[in-house]
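Working notes, beginning with the structure itself.
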Protein chains: 2
Amino acid sequence: MIKNTDIFLREHGIKPSYQRKRIYEYLNEHRIHPTANDIYTALVGEIPTLSKATVYNTMNLFARCGLVDVIPIEGHEARFDPHPEAPHAHFRCTCCQKVYDVPLSFPEEAIEEALSQCQIDTFNINFTGVCKECLARNEA
Amino acid sequence: MIKNTDIFLREHGIKPSYQRKRIYEYLNEHRIHPTANDIYTALVGEIPTLSKATVYNTMNLFARCGLVDVIPIEGHEARFDPHPEAPHAHFRCTCCQKVYDVPLSFPEEAIEEALSQCQIDTFNINFTGVCKECLARNEA
DNA sequence: GTCTCTGCAAATCGTTTGCAATGCT
DNA sequence: AGCATTGCAAACGATTTGCAGAGAC
């Protein structure tokens with residue numbers, strides 16, 4: 001598995017340092033759309049010298065190389081999403097602050113029609129509200 | 001027209017100070033989804049004592065009272081949108097940095113299906129790319 | 001040995017807040 | 001007079017950057 005991360009990073013032109021490997025593995029193992037601080041907090045126990053600067057630099061590198069998306073969702077911190085094959089939306093629960101993936105996409109034609117003649121590079125769809133779990137907990 | 005702004009603000013429980021009126025009028029006259037800094041720069045000539053703090057405080061007040069939406073779109077600055085009746089998407093041109101309205105919405109049923117049992121409070125849809133004008137200019 | 005990566009600390013940028021001065025009723 | 005609003009300046013929180021030391025090839 002570690003070997004795979006190595007190869008994967010190299011394939012994307014990223015030199016696989018220990019920090020970069022562990023950050024990438026964390027992203028893949030914890031699909032919670034973590035903030036930079038989440039990543040730092042999770043890994044600093046294991047890599048005591050880790051600095052937030054490295055986390056930020058690494059995430060920017062990953063984003064530049066197309067390994068992760070930065071998802072602009074309400075709230076002051078950026079959240080990162082390992083680049084998924086299938087386009088999907090995000091739902092942020094304003095109660096527990098978790099960000100969920102939502103399998104939802106536009107019909108191509110609708111986009112074509114609304115944005116004809118424009119070059120579309122990225123798109124993202126965000127919902128906010130209260131998730132099932134929080135609704136249930138609050139009703140109890 | 002000025003009278004109308006007065007009444008409109010009062011109807012939303014906002015005391016219509018000169019600054020607030022001018023900021024609201026600016027938002028309505030310039031539907032470019034301005035940043036706080038855009039608003040400040042545009043109005044400080046006319047209101048020399050205006051401070052950014054007042055712009056931020058006013059935008060937060062407007063947002064709390066439902067007069068404007070804050071649109072979370074890639075980029076480090078918040079952008080404001082006078083609350084529109086019809087839901088619509090946004091398209092940000094990475095070339096000229098303008099943010100356009102896009103008349104596009106999900107079929108209700110698709111949302112229901114994907115997010116059943118959740119309480120949905122807000123949603124927003126953002127595209128980034130290059131707009132018609134910039135494409136034309138760059139090809140020339 | 002060179003070139004890259006890390007990580008501290010300081011800088012930066014957007015935004016918020018404390019508070020005294022001002023304005024409105 | 002009494003309460004709300006303004007606007008300066010300082011505080012803040014997330015992110016970026018300069019740079020010296022550590023590490024990789």
Side-chain angles (χ1 to χ4, degrees), chain A residues 2-3 5-7 9-10 12-24 26 33-65 67-80 92 97 99, chain B residues 2 5-6 9-10 12-24 26 33-65 67-80 92 97 99:
Chain A
I2 284 170
K3 200 63 199 156
T5 304
D6 249 80
I7 292 168
L9 291 179
R10 254 188 251 279
H12 285 79
I14 294 170
K15 204 179 278 186
S17 75
Y18 182 60
Q19 286 83 339
R20 289 170 179 176
K21 282 190 284 189
R22 290 302 298 123
I23 290 174
Y24 186 73
Y26 177 81
H33 311 87
T35 63
N37 196 56
D38 291 338
I39 300 169
Y40 172 78
T41 308
L43 294 178
V44 74
E46 176 186 344
I47 314 172
T49 63
L50 186 65
S51 79
K52 285 194 187 181
T54 299
V55 176
Y56 280 111
N57 290 336
T58 302
M59 296 318 295
N60 287 343
L61 177 66
F62 284 1
R64 232 180 303 122
C65 297
L67 267 70
V68 300
D69 279 339
V70 178
I71 61 180
I73 198 164
E74 282 159 65
H76 17 257
E77 292 170 271
R79 288 174 173 275
F80 303 97
R92 182 169 63 85
Q97 304 299 328
V99 174
Chain B
I2 286 170
T5 305
D6 249 80
L9 292 179
R10 253 189 253 277
H12 286 78
I14 295 170
K15 204 179 278 188
S17 76
Y18 182 61
Q19 286 84 338
R20 288 170 179 176
K21 281 190 286 190
R22 291 302 298 123
I23 290 174
Y24 187 74
Y26 176 82
H33 313 85
T35 63
N37 197 54
D38 290 338
I39 300 169
Y40 173 78
T41 309
L43 294 178
V44 73
E46 176 187 341
I47 314 172
T49 63
L50 186 65
S51 79
K52 284 194 187 181
T54 299
V55 175
Y56 279 109
N57 289 336
T58 302
M59 296 318 296
N60 287 342
L61 177 66
F62 284 1
R64 231 179 303 124
C65 297
L67 267 69
V68 300
D69 278 339
V70 179
I71 61 179
I73 197 166
E74 282 160 67
H76 16 258
E77 293 170 89
R79 289 175 172 273
F80 302 97
R92 182 168 61 84
Q97 302 299 327
V99 174

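Throughout, a chain's letter reflects where its sequence line sits, starting with A, and its residues are numbered from 1.
Between A:E77 atom CD and D:dT16 atom P there is a gap of 13 Å when expressed in whole angstrom units. Atom CG in B:N60 sits about 14 Å away from atom P in D:dT5, given to the nearest Å. In this structure, B:R10 places its CZ atom 15 Å from P of D:dA4, rounding to the nearest Å. Taking atom CG of A:N37 as the reference point, atom P of D:dT16 lies 14 Å away to the nearest angstrom. Atom OH in A:Y18 sits about 17 Å away from atom C1' in D:dA22, given to the nearest Å. Regarding B:I23, its CD1 atom lies at a distance of 12 Å from the C1' atom of D:dT5, rounded to whole Å. Spacing between atom CZ of B:F80 and atom P of C:dG14 amounts to 13 Å, rounded to whole angstrom units. When the P atom of D:dA11 is taken as reference, atom NE2 of A:H76 falls 21 Å away, rounded to whole Å.
Comparing D:dT5, D:dG7, C:dG7 by their closest approach to the side chain of B:T49 singles out D:dG7. Checked against C:dG7, D:dG7, C:dT15, the side chain of B:A36 finds its nearest nucleotide in C:dT15. When the nucleotides D:dT6, D:dT17, C:dT6 are ranked by their closest atom to the side chain of B:T54, D:dT6 comes out on top. Here the side chain of A:N57 is nearest to one of C:dT15, D:dT17, D:dT6, namely D:dT17.
The main-chain N or O of A:K15 is found under 3.5 Å from a side-chain atom of A:R20 such that the two form a donor-acceptor pair.
Map A:L50 and B:K15 each onto its nearest nucleotide of DNA chain C; the residue landing nearer the 5' end is A:L50.
Using a 4.0 Å heavy-atom criterion, one finds that B:S17 contacts the sugar-phosphate atoms exclusively. No contact: B:K52 has no heavy atom under 4.0 Å from any strand.
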Does the pair B:F62 and B:I23 meet the rule for a side-chain contact (heavy atoms from CB on, under 4.5 Å), with working shown? CA-CA 10 Å; B:F62 284 1; B:I23 290 174; 4.1 Å; yes
After noting the C-alpha distance and the side-chain angles of B:M59 and B:I39, does the key distance pass the side-chain contact (heavy atoms from CB on, under 4.5 Å) rule? CA-CA 10 Å; B:M59 296 318 296; B:I39 300 169; 3.8 Å; yes
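Using modelled atom types and a 3.5 Å distance limit, the side chains of A:T35 and A:D38 yield a donor-acceptor pair.
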